[in-house]
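Just below is one structure, and these are the notes that go with it.
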Amino acid sequence: MKKNKTIVFTGGGTAGHVVVNLALIPEFIKDGWDVHYIGSHAGIEKDLITPLEKVTYHSISTGKLRRYFDKENFKDPFRVLKGTWQSLRLLRKIKPNVIFSKGGFVAVPVVTAAKLKGIPAYVHESDYTPGLANKLAFPFAKKVLATFPETMKFLPEKKAEWIGAIIREELFQGKKEKGLQICDFVSGKPVILIMGGSTGSQKLNDIIRDNLDQLLKNFQIIHICGKGKVDETIKKFGYIQFEYVKDELKDLLAATDLVVSRAGSNSIYEFLALHKPMLLIPLSKQASRGDQILNANSFKKQGFASVIEEEQLTEESFLNELTNLWDEKDTIIDKMQEYKSDKTKEKVIEMLKHLN
Ligand SMILES: CC(=O)N[C@H]1[C@@H](OP(=O)(O)OP(=O)(O)OC[C@H]2O[C@@H](n3ccc(=O)[nH]c3=O)[C@H](O)[C@@H]2O)O[C@H](CO)[C@@H](O)[C@@H]1O
């Protein structure tokens with residue numbers, strides 16, 4: 001019997017390294033491919049992928065990027081070596097035609113093993129500048145795909161291709177009434193969605209909670225706080241908190257007028273595609289390599305967002321920028337409507353199917 005074509009997806013650590021895979025996986029299942037996923041034992045990728053029917057999830061050992069001293073840092077190279085050996089064994093068994101990596105540390109051993117087995121691996125970089133895990137994977141990749149056009153200058157010239165953002169189809173199918181109903185909100189009063197990235201942000205949580213009464217005078221607020229960060233003591237009409245939202249996100253976004261968010265690349269491209277004016281508070285240089293600052297400033301320059309850097313974040317600057325954003329929202333939406341995504345998802349699927 002003829003074997004189905006097979007694809008292996010990898011990527012994890014935060015949802016930003018999984019959602020692009022979530023957008024692509026259904027298209028391969030629909031076309032009769034066998035779909036496998038290689039992720040970590042306990043990362044968010046396991047949570048998000050294992051409920052999917054027709055996807056076989058395999059766990060491997062993986063390291064983690066810590067920007068501080070920890071004795072675990074010394075064990076990580078051995079974990080990555082073990083992960084590479086495990087990936088080699090898995091790839092020998094699965095025999096995929098192609099591999100798609102969305103990055104994060106778990107992807108490094110998989111892409112390395114792909115090179116050793118001669119399997120073409122496509123690596124996707126969604127941030128303005130490439131992260132360390134992806135940089136380690138570039139030498140082993142067949143192609144490196146970028147979301148931001150500006151990223152091309154940081155990528156290996158012969159392998160790099162700009163494709164744009166890959167967005168989950170379901171996000172376009174949200175219903176405003178359903179979103180309002182989930183939150184127990186009224187229609188006719190504007191809604192702000194607060195999203196501190198897939199893991200939540202204490203900084204954003206604090207500024208919202210410190211100004212809650214003021215904000216609730218004019219807005220209703222959906223607050224995605226991050227795992228373990230919901231404050232059960234706050235119960236107010238027009239304010240609802242979530243740790244993380246899965247299927248209902250599309251409806252919550254449909255009910256949203258403005259967004260306040262970190263500047264993770266996937267999130268901000270989703271807000272752009274859905275025409276949601278956004279106030280971005282990027283992760284600071286102290287806590288990251290500064291990629292979110294570049295993501296945010298690129299969006300500001302194009303007229304899609306206003307930005308407050310953490311060092312400038314005060315109650316006053318926050319409330320002022322939010323008022324300005326509300327006043328400017330129609331102009332911003334006009335600008336967003338000019339942005340064309342140009343069938344990015346379809347292009348990538350063609351590329352992976354035909355190894356272009
Ligand atoms: C702290 C950290 O390392 N952040 C990085 C991480 O962010 P993070 O994981 O937050 O990534 P993104 O903002 O790019 O994507 C988050 C994704 O999770 C989804 N989502 C989020 C919350 C929720 O409740 N439900 C839900 O489905 C969003 O719709 C989005 O699709 O990866 C991004 C993409 O490489 C980087 O730009 C960020 O710097």
Side-chain angles (χ1 to χ4, degrees), residues 11-24 43-45 47-49 51 64-67 101-107 123-135 137 145-148 151 165-172 174 179 182 193-205 222-230 240-254 256 259-274 276 278 280-299 305 310:
T14 71
H17 295 116
V18 190
V19 285
V20 170
N21 294 335
L22 286 175
L24 295 173
I44 187 159
E45 62 274 22
D47 270 13
L48 295 175
I49 300 293
K64 188 177 172 188
L65 175 64
R66 297 179 195 83
R67 291 177 194 275
S101 160
K102 185 45 212 79
F105 266 81
V106 73
V123 172
H124 185 263
E125 176 54 69
S126 50
D127 286 307
Y128 192 104
T129 56
L132 178 60
N134 264 356
K135 278 197 208 153
L145 312 174
T147 294
F148 281 92
T151 310
I166 305 170
I167 294 177
R168 289 171 286 169
E169 205 57 49
E170 73 203 52
L171 290 184
F172 298 95
I182 292 167
L193 174 86
I194 317 292
M195 194 197 271
S198 60
T199 49
S201 153
Q202 199 54 49
K203 262 265 173 339
L204 261 66
N205 292 352
I222 304 171
H223 188 176
I224 305 181
C225 318
K227 208 169 173 186
K229 295 181 183 133
V230 166
I240 184 161
Q241 304 176 65
F242 298 91
E243 286 199 333
Y244 185 88
V245 187
K246 289 186 180 172
D247 294 346
E248 293 170 328
L249 185 65
K250 57 180 185 303
D251 300 310
L252 300 189
L253 281 164
T256 294
V259 171
V260 175
S261 176
R262 283 296 195 194
S265 144
N266 298 289
S267 302
I268 64 175
Y269 271 98
E270 289 166 2
F271 305 145
L272 167 59
L274 297 168
K276 306 291 169 188
M278 55 194 114
L280 301 177
I281 304 171
L283 200 61
S284 72
K285 269 205 164 132
Q286 276 78 41
S288 70
R289 66 180 193 279
D291 51 315
Q292 289 198 4
I293 300 174
L294 296 167
N295 293 351
N297 285 332
S298 166
F299 266 42
E310 264 190 38

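We're numbering straight along the sequence, starting at 1. Counting starts at 1 for both ligands and their atoms, in listed order.
A distance of 9.0 Å separates CD1 of I167 from OH of Y269, quoted to the nearest 0.5 Å. Interatomic distance, SG of C225 versus CZ of F242, reported as 9.5 Å (0.5 Å rounding). We find the CE-CG distance between M195 and L204 to be 11.5 Å, quoted to the nearest 0.5 Å. Once rounded to the nearest 0.5 Å, the distance linking CD1 of I166 with CG of L24 reads 5.0 Å. Note that CG of D291 is 5.0 Å distant from OG1 of T129, once rounded to the nearest 0.5 Å.
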TODO: Just do the side-chain contact (heavy atoms from CB on, under 4.5 Å) check on D127 and T147 with the steps written out, would you?
DONE: CA-CA 7 Å; D127 286 307; T147 294; over 6 Å; no

Open item on the list: Show, in sequence, the C-alpha distance, side-chain angles and deciding distance for E270 and R168, and conclude whether the salt bridge (Lys or Arg N to Asp or Glu O under 4.0 Å) test is met.
Closed with: CA-CA 9 Å; E270 289 166 2; R168 289 171 286 169; 3.4 Å; yes

Open item on the list: Does L145 form a side-chain contact (heavy atoms from CB on, under 4.5 Å) with E125? I'd like the steps, not just the answer.
Closed with: CA-CA 6 Å; L145 312 174; E125 176 54 69; over 6 Å; no

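With ligand atoms numbered from 1 in the order given, ligand 1 contributes 17 (C), 18 (O), 31 (O) to contacts under 4.0 Å with heavy atoms of V19. Close contacts of ligand 1 with G197, meaning ligand atoms under 4.0 Å from a residue heavy atom, involve 10 (O). Residue S265 approaches ligand 1 through these ligand atoms, each under 4.0 Å from one of its heavy atoms: 14 (O), 37 (O). In the vicinity of V245, heavy-atom distances shorter than 4.0 Å reach the ligand 1 atoms 23 (C), 24 (O), 25 (N), 26 (C), 27 (O). Heavy-atom contacts of N295 reach the following atoms of ligand 1: 37 (O) (cutoff under 4.0 Å). Against a heavy-atom cut-off of under 4.0 Å, L249 is close to the following atoms of ligand 1: 26 (C), 27 (O), 29 (O). Atoms of ligand 1 lying under 4.0 Å from any heavy atom of L283, numbered from 1 in the order shown and given with element: 1 (C). In the vicinity of Q292, heavy-atom distances shorter than 4.0 Å reach the ligand 1 atoms 4 (N), 38 (C), 39 (O).
At a heavy-atom cutoff of 4.0 Å, ligand 1 is contacted by no atom of K246, backbone or side chain. The proximity of I268 to ligand 1, defined as any non-hydrogen pair under 4.0 Å, does not occur for either the backbone or the side chain. Contact annotation for S126 and ligand 1: only side-chain heavy atoms (C-beta onward) come within less than 4.0 Å of the ligand. Heavy atoms of H17 found under 4.0 angstrom from ligand 1 belong exclusively to the side chain. The proximity of N266 to ligand 1, defined as any non-hydrogen pair under 4.0 Å, involves the side chain as well as the backbone. The proximity of L171 to ligand 1, defined as any non-hydrogen pair under 4.0 Å, does not occur for either the backbone or the side chain.
Some N or O of S198 is nearer than 3.5 Å to an N or O of ligand 1, by distance alone. Inclusion of M195 in the set of residues having an N or O under 3.5 Å from an N or O of ligand 1 is not warranted. Note: an N/O pair closer than 3.5 Å links G16 and ligand 1 by distance alone.
In terms of protein heavy-atom proximity, atom 28 (C) of ligand 1 is nearest to E270 OE1, 3.5 Å. Summary of contacts: the protein heavy atom closest to atom 18 (O) of ligand 1 is A15 CB, 3.5 Å. Among protein heavy atoms, the minimum distance from atom 27 (O) of ligand 1 is reached at Y244 OH, 3.2 Å. The protein heavy-atom contact nearest to atom 13 (O) of ligand 1 is S267 OG, 2.6 Å.
Residue-environment remark: CD (E243) exceeds the threshold of 12 foreign heavy atoms within 6.0 Å. No more than 12 heavy-atom neighbours from other residues, nucleotides or ligands sit within 6.0 angstrom of NZ on K285. Within a 6.0 Å radius of NZ in K229, other residues, nucleotides and ligands contribute more than 12 heavy atoms.
Separation of the F299 and Y128 ring centroids does not fall under the 6.0 Å cut-off.
The nearest non-hydrogen atom to atom 37 (O) of ligand 1, considering only I44, L22, D127, T129, comes from D127. Of the candidates D247, V20, T199, T14, the one placing a heavy atom closest to atom 6 (C) of ligand 1 is T14.
Salt-bridge formation is detected for the pair E310/R262: a Lys NZ or Arg NE/NH1/NH2 atom is positioned less than 4.0 Å from an Asp or Glu carboxylate oxygen.
Using a 4.0 Å cutoff on heavy atoms, R168 counts as a contact of ligand 1.
For the residue pair S126 and K102, a side-chain donor N or O sits within less than 3.5 Å of a side-chain acceptor on the partner.
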